[in-house]
Amino acid sequence: MLFDAFKNRKSPKIEFIKTAPTWRVAWGTVDESYENIAWRDEKFSVVLPRTTSGFLTEKLAISSGGRFVVVGDVWLTNQVQLLQKLGIEPDSFQGSYLQVVANLWERWGNESLHQLVGMFALVIWDRERQVLKLVRDRIGVRTLYYTTTGSVRWIAPQLRTLSPHRSSDLDLVALRDYLCCAFVPGERTLWEQVRELRPGTVLEFPDHKVEAYWQLQEQIVAVDQPLAWHGDRLRELLDQVVQEYLPPANEPVGVFLSGGLDSSCITALAAKFHKAPVHTFSIHFGSECPNELEFSSLVASHCQTQHHILEITFKDMWSRLRSTMAYLDDPIGDPLTVPNLLLGRLARESVEVVLNGEGGDPCFGGPKNQPMLINSLYGSVTNQDALQAYLISFQKCAVDLHQLLKPEVLTEVQTAPWVFEEDLYSQASYLNRLMAMNIKFKGADQILTKVSNLTQAALLHGRSPLFDQRVIDLSMEIPPEYKLSGVEEKAVLKQAIADILPEAIIHRPKSGMMVPVQLGFRKYWQQEAKDLLLNRNAAITPYLNQLPIRNWLNYQGDTWSRYGVKLWLLVSLEIWLQVNQKCSSESKK
């Protein structure tokens, strides 16, 4: 194994920098004195960051005929093919991905969306018809937020960019959903006056019409074919996607490697196809905690990567939480947020592009679906309906809402519908219903948002090959029994990559990356957490009762050892609110 000087390195003591300002656009009439307007007409303005040489114009493109103004973030895997469709020689093209989209739009309009393969969040202004369109990629790799009130509607790829244009009122239903899921699912955000465009949709102003140009659908094929046949199809696609996600052949690439099946298969494929060095990055939490270094080191050795191991201490976890929350759009109560950012900072010392194994569980039937499958068999015994069981399966605060929420808040939210209901009660096979919800909500609203926010904060390009739209489409064609059947999970993925990984990795039991927050609150953070959460001036005080929080902090009745996860959820929320309320007040001065 090619270990280097980073082995067992402590968390890098790097000062966290503020994220670079990003673009935003306004639909409506904006005062001409507004700063940093790079392009405008009567009803549409583009605000861009300034650089030493002027505006950051790479975020703006005007179609070749001048009719369409396109602003946004885009990365495409099929740019060469798109240029050929436009009759442009790829080798001679000097423009950006955004310019390609602008020229496509002028020729084919909305139909262009069916030709784009990649990740994007776009705002498209039709100067002729005075119509504005907001567009988001199919899976939700990129984000796009917009305000819902006022004579001027503001749109931006980062929620915090909209701080000057919203109130500080919380969306109480979004708060309820966060407490149950550790993220805010669906179009809601924690701010009442801001919404998030859903993946695979187009929102049009001025009529506020929303249309889906892509939908996740079960389309099972070849049910008579054996597992090996479906594995071969998947492997062919993974080979293609990973190669497209790699940086240029002369640049190194990184992979976040836990030692689980998903990150291991991405590591093996990257090592197979990339000629420049492949760097892998793993974490552990010190001698008090179990780790998976045995497995990640085995994969790194097998694939001959340059392997980096980062130790993250309990002090690091607590002291870096505030900085981490400042980079997140909506709050995310996943304890991996801080480790993800710290590992990204380390990776940036060696690479600019980093891949990950996110998406394996949602797409190919990971074990987190098993509680729901058990409920489908024994629900009549437990008296849990499917929605209740699904919320409880997150293992957060779904069972605690009645004691945790203040009475007036509970009254406000308890009859509000849940965004999961349509998919949960669809006609698809039961496993594919669960997978669809995991892809549409946990994928877009937690996993991919976290990857995007925190890799950008580390100045990295983060890419998730297993969340590629083509991989997801293929996953919905594979018979459910080849994904999760009894105790055998992800059988088709194991079949697809069996020849490039050690058998010990293929057949190891799934354990997941467990962050030791239970030990953290018991031994290291208890007093700090009490000072934060039980303070009468805490940001959560108007919404949550202190008694259950006090009991959790004292570990009273923690039969299932879940209090640490719940406390991390609340601590993350409190700090996120503090950071963003401060940000909001400062931006309005």
Side-chain angles (χ1 to χ4, degrees), residues 136 139-145 157-160 170-192 194-199 321 324-341 356 358-359 361-362 366 368-369 387 390-398 400-401 404 413 416-421 423-424 434-457 462 464 467 512-513 515 517 540 543-544 562 565-577 579-580:
R136 190 176 176 197
I139 311 303
V141 185
R142 292 287 181 259
T143 52
L144 198 57
Y145 300 92
Q158 295 176 347
L159 185 58
R160 56 187 172 273
L170 294 196
D171 184 315
L172 297 182
V173 174
L175 175 64
R176 175 202 68 178
D177 294 356
Y178 170 83
L179 293 171
C180 294
C181 306
F183 61 92
V184 179
E187 68 173 1
R188 294 180 185 273
T189 74
L190 211 58
W191 302 119
E192 191 174 61
V194 185
R195 290 291 181 263
E196 180 182 22
L197 185 67
R198 297 311 297 152
L321 181 56
T324 304
M325 288 297 110
Y327 288 120
L328 295 177
D329 287 316
D330 260 326
I332 294 175
D334 178 0
L336 275 171
T337 50
V338 174
N340 285 163
L341 182 58
N356 60 68
E358 302 283 13
D361 282 352
K368 291 185 178 179
N369 292 296
L387 177 61
Y390 184 68
L391 296 174
I392 292 173
S393 73
F394 283 99
Q395 297 185 322
K396 299 303 188 293
C397 298
D400 307 301
L401 289 181
L404 186 58
V413 304
W418 294 83
V419 297
F420 309 117
E421 293 184 58
D423 292 284
L424 187 58
L434 300 178
M435 289 172 50
M437 289 188 293
N438 288 337
I439 292 167
K440 289 174 63 174
F441 300 111
K442 187 171 184 179
D445 299 320
Q446 177 184 339
I447 299 172
L448 290 171
T449 298
K450 181 183 67 172
V451 168
S452 179
N453 287 171
L454 298 181
T455 52
Q456 288 183 50
S464 308
F467 263 125
M513 177 58 68
V515 183
V517 291
I540 60 173
Y543 313 100
L544 306 183
R562 299 298 304 171
V565 171
K566 295 178 181 182
L567 289 169
W568 185 267
L569 182 88
L570 295 182
V571 163
S572 298
L573 174 64
E574 173 63 25
I575 291 177
W576 186 91
L577 286 170
V579 168
N580 281 275

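For the single chain, residues carry numbers from 1 onward in sequence order.
Partners of Pro331 under the side-chain contact (heavy atoms from CB on, under 4.5 Å) rule, at least two apart in sequence or in another chain, are Tyr178, Leu190, Leu573, Trp576. With sequence neighbours excluded, the residues satisfying side-chain contact (heavy atoms from CB on, under 4.5 Å) with Glu187 are Tyr146, Arg195, Arg198.
Side-chain atoms of Leu179 and Arg176, non-hydrogen and from C-beta on, never get closer than 4.5 Å to each other.
Atom SG of Cys181 is separated from atom CZ of Phe441 by 10.0 Å, given to the nearest 0.5 angstrom. Interatomic distance, Asp423 CG to Leu434 CG, rounded to the nearest 0.5 Å: 10.5 Å. The distance from atom CD1 of Ile332 to atom OG of Ser572, rounded to the nearest 0.5 Å, is 9.5 Å. Atoms CG and CE, from Asn453 and Met325 in turn, are 10.0 Å apart once rounded to the nearest 0.5 Å. For the atom pair CH2 (Trp191) and CG (Leu170), the distance works out to 5.5 Å, reported to the nearest 0.5 Å. Of the inter-residue distances, the one linking Gln395 atom CD with Ile392 atom CD1 reads 10.0 Å to the nearest 0.5 angstrom.
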- Can Lys442 and Ile447 be said to form a side-chain contact (heavy atoms from CB on, under 4.5 Å), step by step? CA-CA 6 Å; Lys442 187 171 184 179; Ile447 299 172; 4.2 Å; yes
- Would Val565 and Val517 satisfy side-chain contact (heavy atoms from CB on, under 4.5 Å), going step by step from the backbone distance to the final call? CA-CA 6 Å; Val565 171; Val517 291; 4.1 Å; yes
- CA sep, side-chain torsions, deciding dist, call: Thr449, Asp330, side-chain contact (heavy atoms from CB on, under 4.5 Å): CA-CA 9 Å; Thr449 298; Asp330 260 326; over 6 Å; no
- Message: Could you walk me through whether Leu328 and Leu454 satisfy the side-chain contact (heavy atoms from CB on, under 4.5 Å) test, starting with their C-alpha distance in whole Å, then the side-chain angles of each, then the deciding distance to 0.1 Å, before giving a yes or no?
- Response: CA-CA 7 Å; Leu328 295 177; Leu454 298 181; 3.9 Å; yes
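When all heavy atoms of Pro199 and Arg136 are compared, the pair lying nearest together is CD-NH1, 3.4 Å. Taking each heavy atom of Ala174 and Val184 in turn, the nearest pair found is CB-CG1, 3.8 Å. Nearest heavy atom pair, residue Gln446 against residue Asp334, reads NE2-OD2, 3.3 Å. Scanning all heavy atoms of the two residues, the minimum distance from Cys180 to Trp418 falls at SG-CH2, 3.7 Å. Among all heavy-atom pairs drawn from Pro185 and Asp445, the shortest one is CA-OD2, 3.4 Å. Val194 and Tyr145 make their closest contact through CG1-CB, 4.0 Å (heavy atoms, listed as atom of the first residue, atom of the second, distance).
A salt bridge links Asp400 with Lys566: the closest approach of a Lys/Arg side-chain nitrogen to an acidic carboxylate oxygen falls below 4.0 angstrom.
Screening Thr324, Asn340, Thr337, Asp329 against Lys450 for a side chain to side chain donor-acceptor pair (under 3.5 Å) leaves a single residue, Asn340.
Judged purely by distance below 3.5 Å, without hydrogens or angles, the side chains of Asp361 and Asn438 never pair a donor atom with an acceptor atom.
Between Tyr390 and Phe394, the ring planes are perpendicular. Angles over 60° get that label, and only those under 30° would be called parallel.
No donor-acceptor pair under 3.5 Å is formed between the side chain of Thr143 and the backbone N or O of Gln158. Between the side chain of Arg160 and the backbone N or O of Tyr327 there is at least one donor-acceptor pair closer than 3.5 Å.
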